[in-house]
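Quick notes on the structure that follows.
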Amino acid sequence: MTLYAKWTLSRYTVSYDGNGATSGSVPAAADYDYDANVNVVGNTGSLVKTGYVWNGWNTAPNGSGTSYAAGDSFRLGEGDVTLYAQWKPGSFHVRYDGNGATSGTPPADVSYDYQTNVTVADNAGNLTRTGYTFAGWNTKADGTGTTYSAGNSIAMGAADVTLF
């Protein structure tokens, strides 16, 4: 009588990690057989991280592993796999509003990445308003917000900024 070894195909789990997401949910984990072709899903749970844009998945939280976009696939080796959400800074605008100027033009809108230091523009477009002297920029049209002079620095937040 000959006895033969019996083998059972190993199964491993592919899971997803939000990696600092502030809302939404990660895709459900799934089990696969060893050497299976795994199709990487997209941001199906609408993950959000304040100030950032979802930018695919990676096998390392800091992005130093293998990167995958939605729809990519890979062969599952021996062991569980965790795919971590990757984030790139979102881009937000600084807008300048002439706020009743009678001539001249405000500086052009410029977009900046989240948490970038932004230098406030000067009055290069020669804005003027009859009966007034240009006194800088403010975050509120009525002047009750934060006042900035040309050359001041603003840390770009997670929303557009309008300076009046």
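Basis for what follows: all heavy atoms, side chains included, without hydrogens, waters or symmetry-related copies.
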Output every pair passing salt bridge (Lys or Arg N to Asp or Glu O under 4.0 Å) with a member in residues 127-147, not counting sequence neighbours, ordered by first then second residue.
none
Can you give me every donor-acceptor pair (side chain of residues 53-61, partner residue at least two apart or in another chain, under 3.5 Å) with its distance?
from	atom 1	to	atom 2	distance (Å)
W54	NE1	G56	O	3.4
W57	NE1	V41	O	2.9
N58	OD1	A60	N	2.8
N58	OD1	G65	N	2.9
N58	ND2	G63	O	3.2
N58	ND2	G65	O	3.4
N58	ND2	S67	OG	2.8
T59	OG1	T66	N	2.8

If you look only at pairs with a residue in residues 100-122, which of them pass as a ring-ring contact (aromatic ring centres under 6.0 Å, His included), with sequence neighbours excluded?
Y52-Y114
With sequence neighbours left out, write down each residue that passes ring pair (Phe, Tyr, Trp, His ring centres under 6.0 Å) with F134, or none if nothing qualifies.
W137
For T116, what residues pass the side chain to side chain donor-acceptor pair (under 3.5 Å) criterion, not counting sequence neighbours?
none
Would you say that V161 contacts F92 through its side chain, given a criterion of any heavy-atom pair below 4.5 Å between the two side chains?
no
Among all residues two or more places apart in sequence or in another chain, which pass the side chain to side chain donor-acceptor pair (under 3.5 Å) test with T13?
D31
How close do M156 and H93 get, heavy atom to heavy atom, and via which atoms?
CE-O, 3.8 Å
Report the residues that fulfil side chain to side chain donor-acceptor pair (under 3.5 Å) with N126, sequence neighbours left out, ordered by chain and then residue number.
none
Backbone of T50 reached by a side-chain donor or acceptor of T22 within 3.5 Å
yes
Is there a side-chain contact (heavy atoms from CB on, under 4.5 Å) between Y12 and D33 once you walk through the steps?
CA-CA 6 Å; Y12 299 102; D33 291 336; over 6 Å; no
Side chains of S153 and T119: donor-acceptor distance under 3.5 Å anywhere?
no
Has W87 got a side-chain atom pairing as donor or acceptor with A21's backbone, closer than 3.5 angstrom?
no
Hits for ring pair (Phe, Tyr, Trp, His ring centres under 6.0 Å) against F164, two or more places apart or cross-chain, chain-then-number order -> none
Between the OH atom in Y132 and the OG1 atom in T102, the distance rounded to the nearest 0.5 Å is 10.5 Å
Quick one: which residue pairs count as a salt bridge (Lys or Arg N to Asp or Glu O under 4.0 Å) with a foot in residues 39-55, not counting sequence neighbours?
none
Show me the pairs that pass salt bridge (Lys or Arg N to Asp or Glu O under 4.0 Å) and involve residues 92-114, at least two apart or across chains.
R95-D109, R95-D160
Under the salt bridge (Lys or Arg N to Asp or Glu O under 4.0 Å) definition, can you give me all pairs with a residue in residues 72-82, not counting sequence neighbours?
D35-R75
One should read off an interatomic distance between L47 CG and S25 OG, to the nearest 0.5 angstrom, of 6.5 Å
Can you list everything that forms a ring pair (Phe, Tyr, Trp, His ring centres under 6.0 Å) with F74? Sequence neighbours excluded, please.
Y68
Starting at CD of Q86, measure out to CG of L83 and round the result to the nearest 0.5 Å.
9.5 Å
Looking only at heavy atoms, what is the nearest atom pair of S73 and N39, with distance?
CB-OD1, 3.4 Å
CG/N138 to CG/L163 distance, rounded to the nearest 0.5 angstrom?
8.0 Å
Membership question, hydrophobic clusters at under 4.5 Å side-chain separation (ILVMFWY): are V40 and Y84 in the same one?
no
